[in-house]
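Every value quoted in this text rests on a predicted model; they were computed, and no experiment measured them.
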Amino acid sequence: MIEDFNYSEQQMIINAHMSVEDFENTDYYRLVEIMSAKPRDKRPKTLWEFASSLDGEERR
């Protein structure tokens, strides 16, 4: 598990150009949450989006 944390830190230093100090002073859980975010088209649809898409299909 520590190696996973170290690997995450390594990737943020290399790919996000963060310093070691920046990474270690960052709220880790929030950082993981941000880095795990998906674009809108890759997220599950809400009930309203799903219903709207069904309504749009009926009109075609």
Taking Thr26 for the side chain and Asp22 for the main chain, is one N or O donor matched with an acceptor at less than 3.5 Å?
yes
Using the test side-chain hydrogen bond (donor to acceptor under 3.5 Å, both in side chains), find all partners of Arg30 that sit at least two apart in sequence or belong to another chain.
Glu33
Would you say Met18 ends up clustered with Ile14 if hydrophobic residues are merged whenever their side chains have heavy atoms under 4.5 Å apart, either directly or through other cluster members?
no
Taking it one step at a time, do Arg40 and Glu49 satisfy side chain to side chain contact (heavy atoms under 4.5 Å, CB included)?
CA-CA 11 Å; Arg40 187 174 293 268; Glu49 291 168 334; 4.0 Å; yes
Per-pair distances, 0.1 Å, donor-acceptor, side chain in residues 3-12, under 3.5 Å, sequence neighbours excluded:
residue: Tyr7; atom: OH; partner: Gln11; partner atom: NE2; Å: 3.4
residue: Ser8; atom: OG; partner: Asp4; partner atom: O; Å: 3.1
residue: Gln11; atom: OE1; partner: Asn15; partner atom: ND2; Å: 2.9

Tyr28 atom OH: more than 12 heavy-atom contacts under 6.0 Å:
yes
